[in-house]
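Report on the following structure.
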Amino acid sequence: MAEKLTKELKKLILENMFVKNYKRMWPYVKPYWFRSLLSVLITIPLGSMDALIALVLKPYMDLVMIEKSIETAWYIPLVIIAFTSVQGGLTYISAYLNTWVGTKITNLLKLDLYKKMLTFETEYFNKRNSGDVIFTFNNNADMACSGLISNLKSFLEKFFKAISLIAVLFYNSWQLAIVCSLVLVGAFLPMSTLRKKVNSVMSQSIAADSALLTAYNESYAGNKTVISYNLDCHQQDKFKCVLNNVFNLRLKMLKRTRWITPIMHIVLSIGIGLAIWFGSMLILDGTITAGNFVSFLTALILLYTPMKSIGNNYNSLLMSFLAIERVFDVLDSTPAIVDRKDAKQMPNTHNKIEFSHVSFRYLPDVPVLKDINFSVNHGETIALVGNSGGGKTTVVNLLPRFYDVTEGGIYIDGTDIRDFTMKSLRQNIGVVFQDNFLFAGTIRENILLGNENATQEEIDKAVEMAYLDDFVKTLKNGLDTQIGERGIMLSGGQKQRVAIARAFLKNAPILILDEATSALDNKAEAVVQKAIENLMRDKTVFVIAHRLSTVRNATKIVVINEGQIVEAGTHDELIKIENGAYKALYDMQFKTNNNK
């Protein structure tokens, strides 16, 4: 039996589960190594004091119960009280140190995960729901650190307690100690099968918990849709299904792991029974005294009692190790879009931007763009128009490398944009989307994202050029007005003007306008369009427009349908092409407007 346990322990070491994970965690523990070491060292006296309490019972029993001599044993209760008091104080100090160290380590790990998250490309997030992202970059760190620290403390405390109590067992009776130690070894054997059983259910549980988080996020972000379509019952039914799945997986995990605790209860109870039976025989033949036996039995119960629940601790520790492995799988992963080794800084001036034989696919064998070719000179405006879903937005998403081209290349003054560092490339590109994301905070904080070092004069100029000044003057706190999460306190037009002011402060030489006015009413569009015209001055501009009236003055208009360029030219050139794609779009829009 002992040989089998040794083989299992060797197997664990070879698998490197414990050593590997602690080695990976060391850089996060290192800044707090002293407090970490102190929290570990405290477990030595904390675990050993139970043995001292058990040990003093021998002279107490022999002196008081056998020899009836209370005069020489009066100090024993005081010793027990003193030891227990010290143990209580150490327990508090240990809990404080473990919480302090555990939280610090968790925060460091979360910071690195957050930094890693910010390096991933847009497609990474397109393929995952919000629950997956939150679980991957937040919850895994909590599971990895909190479970690791608390269970490590528990294991070390129980380890030193076991060592000291086993010493008491051998001190009182080596015969009994050997029997009870063999029982203890047998109780640990079932734990060797836990990892495989946990592994198979863990990924399913994570997916279920992620779905739970996604359900909350969707109901929060889509609350207006839920209300307007009376989807409360529909959402409740979906949520019940998610909860049922979580419930079933919790039970599945319990069935595969928690059987160890009752097994250990049974095995260890057999050990206590054997100790009582064999100990009684040893007392009767005079091998040990009653004091030896009471001290032995107390030490044995103190040893066996925490061991009954060590299976649960091991299970939790195993889950922490699996969480650590998931964390470092993420930290070790490489984003699909990264800087080349010899990438250089992009200058903040340019003469020409060229799309050369550009093709792109989101999925293999499903082309989105096919052989796109056009160029735009500095200071020119190029408008991309065409039917919905034709690939216009995909074209401009390739320029700041939200995605990388599948074939061909995009060149700025003859240099492939992949040869520039992403940071310098994106610093030279300003973007105003159809639905601009505003962060929780104030108007000022959101505008300053364009240039955190902007002076008050520059901020005021940006606000003025974005036609935001009249609105700001109506607010009690002006630019320091809180706008809520995602700018919920602002109208669509106000959000757009904040985004335009932000782009003004960035002052990038290349500007992308992606349907920047399509979601606005006529009045709001007119104001925002004036702000956009201010923003476009002296810049190379890419405009995606649904309303063709806004692009008539573009230097070049490119019509993209089904991922291909079907026409290109000025408004006057394209409108003269009979049965042309641009003329058909233009006539359709203006006939619709005239019929209103």
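Nothing here was measured: the structure is a model prediction, and the numbers come from that model.
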Counting only heavy atoms not in [X], do more than 12 fall under 6.0 Å of its [atom1]?
{"X": "Lys539", "atom1": "NZ", "value": "yes"}
{"X": "Asp538", "atom1": "CG", "value": "no"}
{"X": "Arg486", "atom1": "CZ", "value": "no"}
{"X": "Asp237", "atom1": "CG", "value": "yes"}
{"X": "Phe125", "atom1": "CZ", "value": "yes"}
{"X": "Ile488", "atom1": "CD1", "value": "no"}

Can you tell me how far apart [atom1] ([X]) and [atom2] ([Y]) are? Round to the nearest 0.5 Å.
{"X": "Ile447", "Y": "Arg502", "atom1": "CD1", "atom2": "CZ", "result": "9.0 Å"}
{"X": "Leu213", "Y": "Asn139", "atom1": "CG", "atom2": "CG", "result": "6.0 Å"}
{"X": "Ile372", "Y": "Ser356", "atom1": "CD1", "atom2": "OG", "result": "11.5 Å"}
{"X": "Ile382", "Y": "Glu380", "atom1": "CD1", "atom2": "CD", "result": "8.5 Å"}
{"X": "Phe137", "Y": "Asp112", "atom1": "CZ", "atom2": "CG", "result": "12.0 Å"}
{"X": "Asn561", "Y": "Leu585", "atom1": "CG", "atom2": "CG", "result": "6.5 Å"}

Evaluate the ring-ring contact (aromatic ring centres under 6.0 Å, His included) criterion for residues Tyr216 and Phe239: first the C-alpha distance (whole Å), next the side-chain angles of each, then the deciding distance (0.1 Å), finally the verdict.
-> CA-CA 9 Å; Tyr216 281 112; Phe239 194 69; 5.3 Å; yes
So which heavy atom on [X] is nearest to which on [Y], and how close?
{"X": "Val551", "Y": "Val385", "answer": "CG2-CG1, 4.3 Å"}
{"X": "Leu448", "Y": "Ile459", "answer": "CD2-CD1, 3.6 Å"}
{"X": "Arg361", "Y": "Pro367", "answer": "CG-CA, 3.7 Å"}
{"X": "Asn217", "Y": "Ser130", "answer": "ND2-OG, 2.9 Å"}
{"X": "Met422", "Y": "Val338", "answer": "CE-CA, 3.7 Å"}
{"X": "Pro347", "Y": "Asn428", "answer": "O-OD1, 3.5 Å"}

Check this for me, if you would: do [X] and [Y] make a salt bridge, where the nitrogen-to-carboxylate-oxygen distance has to be below 4.0 angstrom?
{"X": "Glu121", "Y": "Arg401", "value": "no"}
{"X": "Arg250", "Y": "Asp209", "value": "yes"}
{"X": "Arg418", "Y": "Asp339", "value": "no"}
{"X": "Arg340", "Y": "Asp419", "value": "yes"}

Verdict with supporting geometry, Glu562 and Lys370, salt bridge (charged side-chain N to carboxylate O under 4.0 Å, His left out) = CA-CA 9 Å; Glu562 297 182 2; Lys370 310 165 197 171; 5.5 Å; no
So does [Y] get a backbone contact from the side chain of [X], meaning a donor-acceptor N/O pair under 3.5 Å?
{"X": "Thr442", "Y": "Thr481", "answer": "no"}
{"X": "Ser359", "Y": "Asp371", "answer": "yes"}
{"X": "Gln496", "Y": "Phe433", "answer": "yes"}
{"X": "Asn373", "Y": "His357", "answer": "yes"}
{"X": "Asn507", "Y": "Ala503", "answer": "no"}
{"X": "Lys392", "Y": "Ala383", "answer": "no"}
{"X": "Asp514", "Y": "Ile512", "answer": "no"}
{"X": "Arg426", "Y": "Pro400", "answer": "yes"}
{"X": "Lys240", "Y": "Gln235", "answer": "no"}
{"X": "Thr136", "Y": "Val133", "answer": "no"}

Decide yes or no for [X] and [Y]: does some side-chain heavy atom of the first lie under 4.5 Å from some side-chain heavy atom of the second?
{"X": "Phe120", "Y": "Ile337", "result": "no"}
{"X": "Val368", "Y": "Thr406", "result": "no"}
{"X": "Lys104", "Y": "Pro31", "result": "no"}
{"X": "Val559", "Y": "Leu384", "result": "no"}
{"X": "Val498", "Y": "Leu438", "result": "yes"}
{"X": "Val376", "Y": "Lys352", "result": "no"}
{"X": "Ile532", "Y": "Val432", "result": "no"}
{"X": "Met346", "Y": "Thr421", "result": "no"}

Verify the distance criterion only: is there a donor paired with an acceptor across the side chains of [X] and [Y] at less than 3.5 Å?
{"X": "Asp413", "Y": "His350", "result": "no"}
{"X": "Tyr582", "Y": "Glu573", "result": "no"}
{"X": "Asn140", "Y": "Asn138", "result": "no"}
{"X": "Ser491", "Y": "Gln494", "result": "yes"}
{"X": "Asp132", "Y": "Ser210", "result": "yes"}
{"X": "Thr103", "Y": "Thr106", "result": "no"}

What is the ring orientation for Tyr362 with Phe360, classed by angle as parallel under 30°, tilted 30 to 60°, or perpendicular over 60°?
->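 Perpendicular.
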Carefully, step by step, assess Val327 and Leu113 under the rule side chain to side chain contact (heavy atoms under 4.5 Å, CB included).
-> CA-CA 8 Å; Val327 165; Leu113 282 168; 4.1 Å; yes
Worked check of side chain to side chain contact (heavy atoms under 4.5 Å, CB included) between Met25 and Ile105 = CA-CA 9 Å; Met25 289 296 292; Ile105 293 172; 3.7 Å; yes
Cationic tip of Arg128 above Tyr124 ring, under 6.0 Å, 45° of axis = yes
Start with the C-alpha distance between Lys506 and Asn451, add both sets of side-chain angles, then the distance that settles side chain to side chain contact (heavy atoms under 4.5 Å, CB included), and finish with yes or no.
-> CA-CA 5 Å; Lys506 187 174 185 181; Asn451 179 6; 6.0 Å; no
Please walk me through it: do Val463 and Phe471 pass side chain to side chain contact (heavy atoms under 4.5 Å, CB included)?
-> CA-CA 10 Å; Val463 169; Phe471 166 66; over 6 Å; no
Between Lys110 and Asp142, is a salt bridge (charged side-chain N to carboxylate O under 4.0 Å, His left out) present by the stated rule, with each step listed?
-> CA-CA 8 Å; Lys110 284 185 178 182; Asp142 285 326; 3.1 Å; yes
